[in-house]
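Report on the following structure.
Bear in mind the structure is a predicted one, so any value in this text is a computation, not a measurement.
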Amino acid sequence: MTFSIVARSDDGDSLGVAVASKFLAVGSAVPAARMGLGAIATQSFCNTLYKRDGLARLADGASAQETLDALLDNDDEREERQAGVVDASGRAATWTGSGCLDWAGGVTGPGYAIQGNILTGPDVVQAMHEAYLNSGAEAALPERLLAALRAGDAAGGDSRGRQSAALLVVSASGSYTPGDDLAYDLRVDDHPDPCTELTRLLALHHVFFDRPDDDDLLPLDGELAVEVEQHLQTLGHPDLNTWAGVENYELRLVQGHIDSFLLERLREQAANRPH
């Protein structure tokens, strides 16, 4: 019912899963990941307990293959299951039971496991494999995962059609809240073109949650400080922090600076405010 990729970044700083399916809200069922432990995809008559129990096995020091073997050993319906696991060391394992509906299969390599079932053919997994390898180790893991997912979708994907897609990435650099490893949790639950929509959501995530590049930061002093203050007064905000919080740009703030993106958004809003 599904095609997915589970992977660890080459530097070990990120782990994640990308998945798509003709299934409502596939992101609620298939992916799981924890920094320092590993990442898991469970699919094909999916046993969602694989996520909880698999992460527990990884936390106890089991490898990806040992974790997958233990999950299957305790599952009387193992032949109906498909799963992929990558551990924190980059070891990978995949399983496709004999009861999975055609076409079904998977492939593994250093730091990744790719698998799918009810696919249009083996070229879906092959396209994902090639896209992931060709995306380059220098690319960020969310982009690499999404490149693989989109390649599988373009190659035919789920033979029943499209409905949902998801991207889950945990990272040592964390997320919105310090101490939380959840860096990306994007879901398209019901959409005619979910992989394309997921790409749009990833771009929006970068807009709202990425720290600006240092080269893009402008010192907030002199004439620029006066201009920003005037725009804030026009919009009825007491300071830049308040405006950024209202607009959900607070993670882009850098003390004593403003980046060009925020400056343009501030200028546009002030210019378009009714007088």
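- Under the 4.5 Å side-chain contact rule for hydrophobic residues, Tyr112 and Val169 share a cluster.
- In this structure, Ser171 contributes its side chain and Ser173 its backbone to a donor-acceptor pair below 3.5 Å.
- Considering CD of Glu250 and CG of Leu240, their distance stands at 11.5 Å, rounded to 0.5 Å.
- Taking 4.0 Å as the cut-off between side-chain N and carboxylate O, Asp210 and Arg252 do not count as a salt-bridged pair.
- Between the His205 side chain and the Ala183 main chain, a donor and an acceptor come within less than 3.5 Å of each other.
- The side chain to side chain contact (heavy atoms under 4.5 Å, CB included) test with Leu186 singles out one residue from Thr199, Leu201, Leu204, and that residue is Leu201.
- Counting only distance, with no hydrogens or angles, the side chain of Glu79 and the backbone of Ser98 share a donor-acceptor pair below 3.5 Å.
- Connection of Phe261 to Leu232 is established within a shared hydrophobic cluster, with ILVMFWY side chains joined at heavy-atom distances below 4.5 Å, either directly or through further cluster members.
- Val30 approaches Gln43 most closely through the heavy-atom pair CG1-OE1, 3.9 Å.
- At distances below 3.5 Å, at least one donor-acceptor pair connects side-chain atoms of Ser63 with backbone N or O atoms of Glu66.
- Considering every non-hydrogen atom in both Pro219 and Leu224, the closest pair reads O-CD2, 3.5 Å.
- Here the CG atom belonging to Leu251 is positioned 9.5 Å from the CG atom belonging to Asn248, to the nearest 0.5 angstrom.
- Between Leu263 atom CG and Arg265 atom CZ the span is 9.5 Å, to the nearest 0.5 Å.
- When all heavy atoms of Val124 and Gly157 are compared, the pair lying nearest together is CG2-N, 3.4 Å.
- Closest approach of Leu72 to Tyr50, counting heavy atoms only: CD2-OH, 3.5 Å.
- Leu167 approaches Leu202 most closely through the heavy-atom pair CD2-CD1, 4.1 Å.
- The pair Arg211-Asp214 meets the salt-bridge criterion, with a side-chain N (NZ, NE, NH1 or NH2) lying under 4.0 Å from an Asp/Glu carboxylate O.
- Within a 6.0 Å sphere centred on CD of Glu223, heavy atoms belonging to other residues, nucleotides or ligands number 12 at most.
- Checking Gln115 against Ser4 by side-chain atom types alone, a donor-acceptor pair falls below 3.5 Å.
- A distance of 11.5 Å separates CD of Gln269 from OG1 of Thr234, quoted to the nearest 0.5 Å.
- Leu15 and Leu55 are not part of a single hydrophobic cluster, where members link through side-chain heavy atoms under 4.5 Å apart.
- Between the Asp75 side chain and the Glu77 main chain, a donor and an acceptor come within less than 3.5 Å of each other.
- A donor-acceptor contact closer than 3.5 angstrom links the side chains of Glu143 and His206.
- Checked against Val254 for a side chain to side chain contact (heavy atoms under 4.5 Å, CB included), the options Asp216, Leu217, Leu220 give a single hit: Leu217.
- Side-chain contact annotation: Asp69 with Gln65, donor-acceptor N/O pair under 3.5 Å present.
- Although no hydrogens or angles enter the test, the distance criterion places a donor-acceptor pair under 3.5 Å between the side chain of Ser159 and the main chain of Ile118.
- Within a 6.0 Å radius of CZ in Arg34, no more than 12 heavy atoms belonging to other residues, nucleotides or ligands are found.
- At a threshold of 4.0 Å, the pair Arg160-Asp158 counts as salt-bridged, since one of the basic side-chain nitrogens sits closer than that to a carboxylate oxygen.
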*Under the side-chain contact (heavy atoms from CB on, under 4.5 Å) rule, what do Asp190 and Gln163 come out as? Steps first, then yes or no, please.*
CA-CA 5 Å; Asp190 187 23; Gln163 187 168 10; 3.3 Å; yes
_Let's go through His231 and His237 carefully: what are the C-alpha distance in whole Å and the side-chain angles of both, what is the deciding distance for side-chain contact (heavy atoms from CB on, under 4.5 Å) to 0.1 Å, and is it a yes or a no?_
CA-CA 9 Å; His231 293 325; His237 293 293; over 6 Å; no
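- In terms of modelled atom types and a separation under 3.5 Å, the side chain of Ser164 and the main chain of Val26 share a donor-acceptor contact.
- Residue Arg57 qualifies as open at atom CZ: its count of foreign heavy atoms under 6.0 Å is 12 or below.
- A centroid separation of 6.0 Å or more is found between the aromatic rings of Tyr184 and Phe209.
- Inspection of the Thr196 and Asp193 side chains reveals an N or O donor paired with an N or O acceptor under 3.5 Å.
- Met128 is connected to Val188 through a chain of hydrophobic side-chain contacts under 4.5 Å among Ile, Leu, Val, Met, Phe, Trp and Tyr, so both are in one cluster.
- With hydrogens and angles disregarded, a donor-acceptor distance shorter than 3.5 Å links the side chain of Asn74 to the backbone of Ala70.
- Judged by distance alone, with hydrogens and angles left aside, the side-chain atoms of Asp181 form a donor-acceptor pair with the main-chain N or O of Met35 at under 3.5 Å.
- Considering CZ of Arg81 and OG1 of Thr96, their distance stands at 13.5 Å, rounded to 0.5 Å.
- In the hydrophobic cluster analysis, where Ile, Leu, Val, Met, Phe, Trp and Tyr join through side-chain heavy atoms closer than 4.5 angstrom, Leu49 is grouped apart from Val19.
- The nearest pair of heavy atoms linking Tyr132 to Ala148 is CB-CB, 4.1 Å.
- Annotation: the span from Leu68 atom CG to Asp73 atom CG amounts to 9.5 Å, rounded to 0.5 Å.
- With hydrogens and angles disregarded, a donor-acceptor distance shorter than 3.5 Å links the side chain of Asn272 to the backbone of Glu268.
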*So Leu145 and Leu141, side-chain contact (heavy atoms from CB on, under 4.5 Å) or not? Walk me through it.*
CA-CA 6 Å; Leu145 293 173; Leu141 185 61; 3.9 Å; yes
